[in-house]
Amino acid sequence: NMTDSPLNFFEFQSIDALQTYCSRRGESWMLSVIQDPAFGSGLFIAPNAATGEYELNFSPDVKGWAVSLPSFLVVENAIRNNVNVFAFAKSCHFCRLGDGDCSHIRRYFKSLRDLETETPSILSYEARYHVSHALMDTVCLMLYNGVARNLPRPADVVFRFMKLVYGNCEKERKMDFYASDFQLSTKYLSTVISNETGRPVSKWIEMFAISAAKQHLRNSSLSINQISTMMNFRSTSDFSKYFRNATGMSPNEYRRTLPA
């Protein structure tokens, strides 16, 4: 029912196969092009952990192609394109597309699959990074033009919060800062974010901050001390402790995992 590739690209022949695969993918997001003889073609996007909750009434002959993407990549591109992907995932999940648009998305999938079979190198890493972002930019445009503008806005606070964290995570990592900007209590903000996303405020702040730290660490000309200062840590040891608590490795250990 399902052909698994080493790089999170997969094909499926039934919705059960898709949901089984997603249940093993943790906190990433699933992006899928679905082709159903009875229902039509379209785009499905949702957090992997939530796909089992959705009632997907597709025919037995459904098939498709999918890729599992890191949560941060999905959220970052949604913010840059001003598409409230949380509201879409919670209220719609599925956007009908024409055959041409579906073929366009599949070409991105094929590029990612081909790149994942190459020997790891800095060039293949950069290529995967740019293809993944181009894919999400295209998806956000399709959602915006197709359905996202007409969605209800129960997740508006969530989207505004994500944009605020995205713009300030390098300097501000305390919930009080974000709650005060919204003129909300920390308790209320925490409740809204947790209920809408299934993840607490602190984890979202950490995710954005660690992503920023990793981007800096990929720049070999920056020292750990310089990155620590740029990100407003009191000391290099504080930065290293924060990074290790979130990733299980020190900044230097992370650097050693990067392709040469």
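Given the structure is predicted, the values throughout are model-derived calculations rather than measurements.
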Contact between H216 and E170 at the side-chain level, heavy atoms closer than 4.5 Å - yes or no?
yes
Return the orientation label for the F208 and W204 ring planes: parallel under 30°, perpendicular over 60°, tilted otherwise.
tilted
Under 3.5 Å, is there a donor-acceptor pair between the side chain of T186 and the main chain of A179?
no
Indicate yes or no: at least one non-hydrogen side-chain atom of P251 is less than 4.5 angstrom from one of R255.
no
Rounded to the nearest 0.5 Å, what separates atom CG in D176 from atom CG in D181?
12.5 Å
Nearest 0.5 Å, please: how far is OH in Y108 from OG in S132?
11.0 Å
Would you say T247's side chain and F243's backbone share a donor-acceptor pair under 3.5 angstrom?
yes
As a quick check of understanding, evaluate side chain to side chain contact (heavy atoms under 4.5 Å, CB included) for Y178 and V201, giving each step before the final call.
CA-CA 10 Å; Y178 298 100; V201 166; 5.7 Å; no
S41 and Q35 have their tightest heavy-atom pair at OG-CG, 3.7 Å
Is D137 close to R80 at the side-chain level, that is, under 4.5 Å between some pair of heavy atoms?
yes
Cation-pi check, R173 to F233: give yes when NZ or CZ is under 6.0 Å from the six-membered ring centre and within 45° of the ring axis, no otherwise.
yes
What one should report as the nearest heavy-atom pair of K171 and M230 is NZ-O, 2.7 Å
Is there side-chain contact between V192 and Y188, with heavy atoms separated by less than 4.5 Å?
yes
Side chain to side chain contact (heavy atoms under 4.5 Å, CB included) between K241 and S237, worked out
CA-CA 6 Å; K241 182 179 179 181; S237 62; over 6 Å; no
Rounded to the nearest 0.5 Å, what separation is found between the CE atom of M175 and the OG atom of S202?
6.0 Å
Would you say R256 and E253 make side-chain contact, with heavy atoms under 4.5 Å?
yes
Give the minimum heavy-atom separation between W65 and F109, together with the two atoms involved.
O-CE2, 3.2 Å
Could you walk me through whether N219 and S221 pass the side-chain hydrogen bond (donor to acceptor under 3.5 Å, both in side chains) check?
CA-CA 5 Å; N219 181 351; S221 67; 2.6 Å; yes
Determine whether more than 12 heavy atoms belonging to other residues, nucleotides or ligands lie under 6.0 Å from atom CZ of F177.
yes
Give the minimum heavy-atom separation between E206 and A246, together with the two atoms involved.
CD-CB, 3.6 Å
Going from CG on L222 to CG on L217, what distance comes out if it is rounded to the nearest 0.5 angstrom?
8.5 Å
Side chain to side chain contact (heavy atoms under 4.5 Å, CB included) between L31 and L135, intermediate numbers included
CA-CA 10 Å; L31 176 63; L135 167 62; 3.8 Å; yes
Hey, mind stepping through M136 and L69 against side chain to side chain contact (heavy atoms under 4.5 Å, CB included) and telling me if it holds?
CA-CA 9 Å; M136 273 309 301; L69 297 171; 3.9 Å; yes
Taking E172 for its side chain and C169 for its backbone only, find out whether a donor-acceptor pair lies under 3.5 Å.
no
Counting only N and O atoms by type, is there a donor-acceptor contact under 3.5 Å from the side chain of T257 to the main-chain atoms of Y254?
yes
If you define the side chain from C-beta out and look only at heavy atoms, does anything of F12 sit under 4.5 Å from K63?
no
Distance (rounded to the nearest 0.5 Å) between S68 OG and L112 CG
11.5 Å
Can a donor-acceptor pair be found, under 3.5 Å and without considering hydrogens, that links the side chain of T138 to the backbone of A134?
yes
Rounded to the nearest 0.5 Å, the CG atom of L73 sits from the OG atom of S211 at a distance of 9.0 Å
Heavy atoms of K163 and I79 approach each other most closely as CG-CG2, 3.6 Å
Can you give me the closest heavy-atom contact between N225 and T236, atom names plus distance?
OD1-OG1, 3.0 Å
